[in-house]
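To start, the structure under review is shown below, and the notes come after it.
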Amino acid sequence: MKLYILNGPNLGRLGTRQPEIYGAMTFAELEQACKVEAEKFGFDAEFKQTDDEATLIKWLHEAADAAAPVIMNPAAFTHYSYAVRDAAAQLTAPFIEVHLSNPAAREEFRQHSVTAPVSIGVVAGFGLNSYLLAISAMREYLNNVKR
Ligand code: DQA
């Protein structure tokens, strides 16, 4: 089963971008770790990043049409993009929001997510593990495992 793992603006610069906040891991390393984990859980991951809102929306439309589940780090779009939220609201399979940092513990403008209300849940604050936890949570959610 296809799993879209979508990343918004500035995440392609992981490794050099504010390592004190986002860690030393590069974007390529994040991609590799997510693909391995996704495969372990029976997903074929489409791992993508864009700095462009229109491109992110186009991928969400694609995922909606394919009825594919989505894990997305909307990055700064999280906090203000009603267009990304409206696209995520059209998804036809579950959407989990992820963040490397914990936006709730940061600047005030990061403390509100306009996209989280259309997700089934949010994993934030665990760096790479936010993504890995989201992948296993997606599998359990799709298998309808309740604990
Ligand atoms: C982020 C948090 C956002 O506030 C920020 O704009 C990002 C990254 C995270 O993964 O911690 O670009 O989504």
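Starting from 1, each residue takes its place in the sequence as its number. Predicted, not measured: the structure shown is a model, and the values here were computed from it. Atoms within each ligand, like the ligands themselves, are counted from 1 in listed order.
- Identified under the side-chain hydrogen bond (donor to acceptor under 3.5 Å, both in side chains) test for residues 77-93, with sequence neighbours left out: Glu53-Ser81.
- No salt bridge links Glu108 with Arg110; every basic N to acidic carboxylate O contact stays at or beyond 4.0 Å.
- Each of the following atoms of ligand 1 lies closer than 4.0 Å to a heavy atom of Tyr22: 5 (C), 7 (C), 8 (C), 9 (C), 11 (O).
- Among Leu100, Asn102, Asn7, the residue whose heavy atom sits closest to atom 9 (C) of ligand 1 is Leu100.
- Ligand 1 has Arg17 within reach: a non-hydrogen atom of the residue lies less than 4.0 Å from it.
- Looking at Arg106 next to ligand 1, no N or O pair under 3.5 Å apart turns up.
- The protein atom (non-hydrogen) at minimum distance from atom 11 (O) of ligand 1 is Ser101 OG, 2.5 Å.
- When each of Tyr22, Phe47, Tyr131 is paired with Phe27, the ring pair (Phe, Tyr, Trp, His ring centres under 6.0 Å) condition holds for Phe47 and for no other.
- Once rounded to the nearest 0.5 Å, the distance linking CD1 of Ile5 with CD1 of Ile96 reads 10.5 Å.
- To the nearest 0.5 angstrom, Gln49 atom CD is 10.5 Å from Arg13 atom CZ.
- Looking at Leu6 and Asn73, their side chains never come closer than 4.5 Å, going by heavy atoms from C-beta outward.
- Considering both main-chain and side-chain atoms, Ala76 comes within under 3.5 Å of ligand 1 through a nitrogen or oxygen pair.
- Residue contact annotation: Thr78 has no non-hydrogen atom under 4.0 Å from ligand 1.
- Inclusion of Val98 in the set of residues having an N or O under 3.5 Å from an N or O of ligand 1 is not warranted.
- For atom 6 (O) of ligand 1, the candidate residues are Arg110, His99, Gln111; the nearest heavy-atom contact is made by Arg110.
- Under a 4.0 Å N-O distance rule, the pair Glu31/Lys35 qualifies as a salt bridge.
- Short contacts between ligand 1 and His79, defined as distances under 4.0 Å to a heavy atom of the residue, involve ligand atoms 3 (C), 4 (O).
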